[in-house]
2 protein chains.
Amino acid sequence: MVVDQLQAQFSDEELDRLFQAFADTTRRDIVRRVTMGAYSVSGLAALYAMSFAAVQKHVAVLERASLVSKEKRGREQIVRANHDGLQRARRLLDEYEVIWRQRADRIADLLAETATAEPGRTQTGTRQTRNTQSNKTEGKTEG
Amino acid sequence: MVVDQLQAQFSDEELDRLFQAFADTTRRDIVRRVTMGAYSVSGLAALYAMSFAAVQKHVAVLERASLVSKEKRGREQIVRANHDGLQRARRLLDEYEVIWRQRADRIADLLAETATAEPGRTQTGTRQTRNTQSNKTEGKTEG
DNA sequence: CTATTCTACAACCAAATGGTTGTAGATCAG
DNA sequence: CTGATCTACAACCATTTGGTTGTAGAATAG
């Protein structure tokens, strides 16, 4: 089953945090910057038109999402990129893409097969009479 | 400048919406399902332990993020995957990864170069005396 | 025609988000 | 020691988010 294949290595909460972390322009910019080189928190704060505390919160969000890590260096806190989170997000999107491609191929095959046999459209209703798979396919309209 | 290279093809608002859309387990599941086959809204709603209206809202979020598209078919609204959004998100993460790799290579080179010349650590303070680039590099601690 | 189904949308609510200011503890410079 | 800097954290506020229920319209089934 594809469901198991997908998201096998990520918990839902983890992914929520990960994508939520990316869903803010300031945080994406912080990720970009620390990907290119380490910054102190105050160093980052100086770059944005918002309070130190606000930037501190953004860094905290990135840290909880495992996209960034902090390391105490004297009185400063040095922020560095954590490549793992980036890779995890990318890998998930890759897997969606794999599924999509599999489906595209499958559709191409079906079209080639049934081109002469059944010219009409497949059923689009919610209730399907024949549920061939044990899987929950309620509401599915098109293979 | 790398800043221009990155995000050249995405607006901030677009990316906010895109990643925000992914930042919810139910929505990721909807994306997965419609990636594998089209569903009506009510068909999707039947799959989750929440109201029809709630699922309707999730679909709306995905639609605003260009991850999904709806097409009226009789009294039903058929939800299909919009592969573009997926690709865009992936491409952005790819670009972060490119930058990261470039940086990793650069660090490897620097380490090889300065291994004998300068054993000490590079400065970690917020204020750098020499700002060689016109670029805002305040607070940057490490190349 | 009537009843059902599917959708859209408004109104509402609790919790999370993104921001602020203020206070206080550590560390460093002079 | 004194003052400046960096950080952490609490309290507060407005807006957004994720959910609910209810109402109403359009399309289909009988």
Side-chain angles (χ1 to χ4, degrees), chain A residues 12-13 15-30 38-65 68-80 121 123-129 138-141, chain B residues 12-13 16-30 38-65 68-80 123-129 138-141:
Chain A
D12 285 341
E13 295 79 15
L15 288 172
D16 286 0
R17 271 181 266 126
L18 190 53
F19 286 110
Q20 180 62 36
F22 272 116
D24 181 277
T25 304
T26 303
R27 285 197 294 264
R28 283 194 303 275
D29 195 67
I30 292 178
Y39 283 74
S40 68
V41 178
S42 60
L44 285 172
L47 298 168
Y48 306 102
M50 65 183 74
S51 67
F52 173 84
V55 174
Q56 208 176 16
K57 280 190 183 181
H58 281 308
V59 171
V61 170
L62 291 170
E63 200 179 12
R64 265 186 301 130
V68 135
S69 65
K70 286 190 302 185
E71 187 196 346
K72 201 167 183 178
R73 180 86 78 191
R75 71 181 153 185
E76 292 183 321
Q77 198 83 259
I78 305 300
V79 183
R80 289 199 172 77
R121 211 162 61 262
Q123 52 188 344
T124 56
T126 303
R127 305 282 162 76
Q128 275 177 314
T129 328
E138 284 231 301
K140 195 170 169 186
T141 56
Chain B
D12 286 341
E13 295 78 16
D16 286 0
R17 271 181 267 125
L18 191 54
F19 286 110
Q20 180 62 37
F22 272 116
D24 181 278
T25 305
T26 303
R27 285 198 295 266
R28 282 194 304 274
D29 195 68
I30 292 177
Y39 282 75
S40 68
V41 178
S42 58
L44 284 172
L47 299 168
Y48 305 102
M50 65 183 73
S51 68
F52 173 84
V55 174
Q56 209 176 13
K57 281 190 183 182
H58 281 308
V59 171
V61 170
L62 291 170
E63 201 180 10
R64 266 185 298 131
V68 136
S69 65
K70 285 191 303 183
E71 186 196 345
K72 200 168 182 175
R73 179 86 79 191
R75 73 180 152 183
E76 292 184 321
Q77 198 84 257
I78 305 301
V79 184
R80 288 197 173 78
Q123 52 187 347
T124 55
T126 305
R127 305 280 162 76
Q128 275 178 316
T129 326
E138 284 231 297
K140 195 170 170 187
T141 56

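Just so it is clear, the values below take in all heavy atoms, side chains as well, and ignore hydrogens, waters and symmetry mates. Note that the coordinates shown come from a computational prediction; the quantities given were computed from them, not determined experimentally. A, B, ... follow the sequence lines: proteins, then strands. Residue 1 opens every chain.
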Q. Between B/S42 and C/dT7, is there a side-chain N or O to OP1/OP2 distance below 4.0 Å?
A. yes
Q | Side-chain N,O (B/Q77) to OP1/OP2 (C/dC6) below 4.0 Å | A | no
Could you check whether any side-chain N or O of [X] sits under 3.5 Å from a backbone N or O of [Y], counting only pairs where one atom can act as donor and the other as acceptor?
X: A/E63; Y: A/S69; answer: no
X: A/R17; Y: A/R64; answer: yes
X: B/R28; Y: B/F22; answer: yes

In this structure, how many angstroms lie between the [atom2] atom of [N] and the [atom1] atom of [X], rounded?
X: B/D16; N: C/dG18; atom1: CG; atom2: P; answer: 9 Å
X: B/K72; N: C/dT5; atom1: NZ; atom2: C1'; answer: 14 Å
X: A/L44; N: D/dA8; atom1: CG; atom2: P; answer: 12 Å
X: B/R75; N: D/dG25; atom1: CZ; atom2: C1'; answer: 13 Å
X: A/L62; N: C/dT17; atom1: CG; atom2: P; answer: 13 Å
X: A/R17; N: C/dT17; atom1: CZ; atom2: P; answer: 11 Å
X: A/E76; N: D/dA8; atom1: CD; atom2: P; answer: 11 Å
X: A/R73; N: D/dT7; atom1: CZ; atom2: P; answer: 13 Å

Is there a side-chain contact between [X] and [Y] (heavy atoms, below 4.5 Å)?
X: A/Y48; Y: A/I30; value: yes
X: B/Q20; Y: A/Q20; value: yes
X: B/T25; Y: A/L15; value: no
X: A/F19; Y: B/D24; value: no

Q) Out of D/dT7, C/dT4, C/dA8, which nucleotide sits closest to the side chain of A/Q56? A) D/dT7
Q: Please report the shortest heavy-atom distance between A/A45 and A/F52, naming the atom on each side.
A: CB-CD1, 3.8 Å
**Q.** Nearest non-hydrogen partners of A/Q77 and A/K70, listed with the distance
**A.** CG-CD, 3.5 Å
At a cut-off of 3.5 Å, list every protein nitrogen or oxygen paired with a nitrogen or oxygen from nucleotides 15-24 of chain D, distance to 0.1 Å.
unit_1 : atom_1 : unit_2 : atom_2 : d
D/dG18 : OP1    : B/R27  : NH2    : 3.3
D/dG18 : OP2    : B/R27  : NH1    : 3.1
D/dG19 : OP2    : B/H58  : NE2    : 2.2
D/dG19 : N7     : B/K57  : NZ     : 3.2
D/dG19 : O6     : B/K57  : NZ     : 2.1
D/dT20 : OP1    : B/S51  : N      : 3.4
D/dT20 : OP2    : B/S51  : N      : 2.9
D/dT20 : OP2    : B/S51  : OG     : 2.6

**Q.** Bend angle of the helix from C/dC1-D/dG30 to C/dG30-D/dC1, end axes from five pairs each (to 10°)
**A.** 30°
